[in-house]
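Indexing begins at 1, ligand by ligand and atom by atom, following the structure's order. These figures come from a predicted structure and were not determined experimentally.
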Amino acid sequence: MKHNIRYAAGSDVGRRREQNEDSGYASGRLLVVADGMGGHAAGELASSAAIAVMRELDATLPETGSDLEAALEGAVHEAARRLVELAEIDPARRGMGTTVTAMLWDGYRFALAHLGDSRGYLLRDGALYQMTKDHTLVQSMVDEGRITEDQAAVHPRRSMVLRVLGSEGRAEPDMALREAEPDDRYLLCSDGLTTVLGPEVLHEVLTTVVDPAAAVQRLIDLANEGGSPDNVTVIVADVVAPGAGDVAVYRVGAGI
Ligand code: CA
């Protein structure tokens with residue numbers, strides 16, 4: 001049976017930054033978080049350029065009959081081309097980049113595209129799973145057995161990202177196609193959330209705060225109260241039966 005998603009999205013500049021370099025997009029079939037990097041406002045430009053391409057994908061993709069993975073991967077490659085163009089216009093933008101974590105939904109399954117250190121989680125049957133793997137130095141060190149997850153969380157180079165959508169034009173996203181189930185709850189977020197809140201806290205909020213908009217707001221508040229030095233962007237989406245009503249649209253905060 002075809003299902004809908006009910007979602008909420010929010011983005012907050014946080015308490016220590018002056019600009020929000022995160023961008024996000026959420027609709028009834030596409031959820032995206034992008035966390036930009038680069039000086040002179042280039043980070044903001046990079047993440048918003050990636051989101052603009054995703055918005056175009058949502059506007060032009062036919063309702064049915066599309067290859068979700070191919071469509072989403074194609075949009076990531078198009079976003080990389082845009083960043084190259086933008087960097088050619090102004091050399092100060094060279095080296096800018098953005099994470100992209102995106103889910104494209106057809107009512108039955110999601111295609112997932114991922115580059116960088118934003119994250120996607122799935123809450124299913126009460127258990128929280130991290131669907132994405134960080135493209136960071138510390139994650140590669142954990143994979144090689146050189147440090148533990150706990151050491152990675154406090155490592156001085158923990159923010160070093162190895163793979164993003166960048167102005168060099170390379171774009172090699174991790175791609176996956178995942179079956180969705182009724183009552184699944186998905187979380188997409190920038191690292192401003194996960195550097196402060198561990199999986200136990202995410203699980204606690206996602207299992208106790210039923211309304212997606214309230215869950216988004218609660219997570220942002222907890223990140224800020226926890227001393228997040230960064231912008232925070234959060235999307236929460238629930239898979240609901242079509243009879244449960246129309247897709248609800250919530251927007252929290254100003255960055256989305
Ligand atoms: Ca960030």
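For the residue pair N231/D12, the side-chain donor-acceptor check at 3.5 Å is not satisfied. Counting only N and O atoms by type, the side chains of S118 and D35 include no donor and acceptor under 3.5 Å apart.
When each of D117, T99, D174 is tested with R163 by the rule side-chain hydrogen bond (donor to acceptor under 3.5 Å, both in side chains), just one qualifies, namely D174.
For the Ca ion (ligand 1), protein N, O or S atoms closer than 3.0 Å were enumerated as D35 OD2, D191 OD1, D230 OD2, with waters left out.
Sorted by first then second residue, the ring-ring contact (aromatic ring centres under 6.0 Å, His included) pairs that include residues 55-93, not counting sequence neighbours, number zero.
Distance CD1/I51 to CG/L57: 11.5 Å, rounded to 0.5 Å.
Side-chain contact check for T98 versus E21: every heavy-atom pair is 4.5 Å or farther apart.
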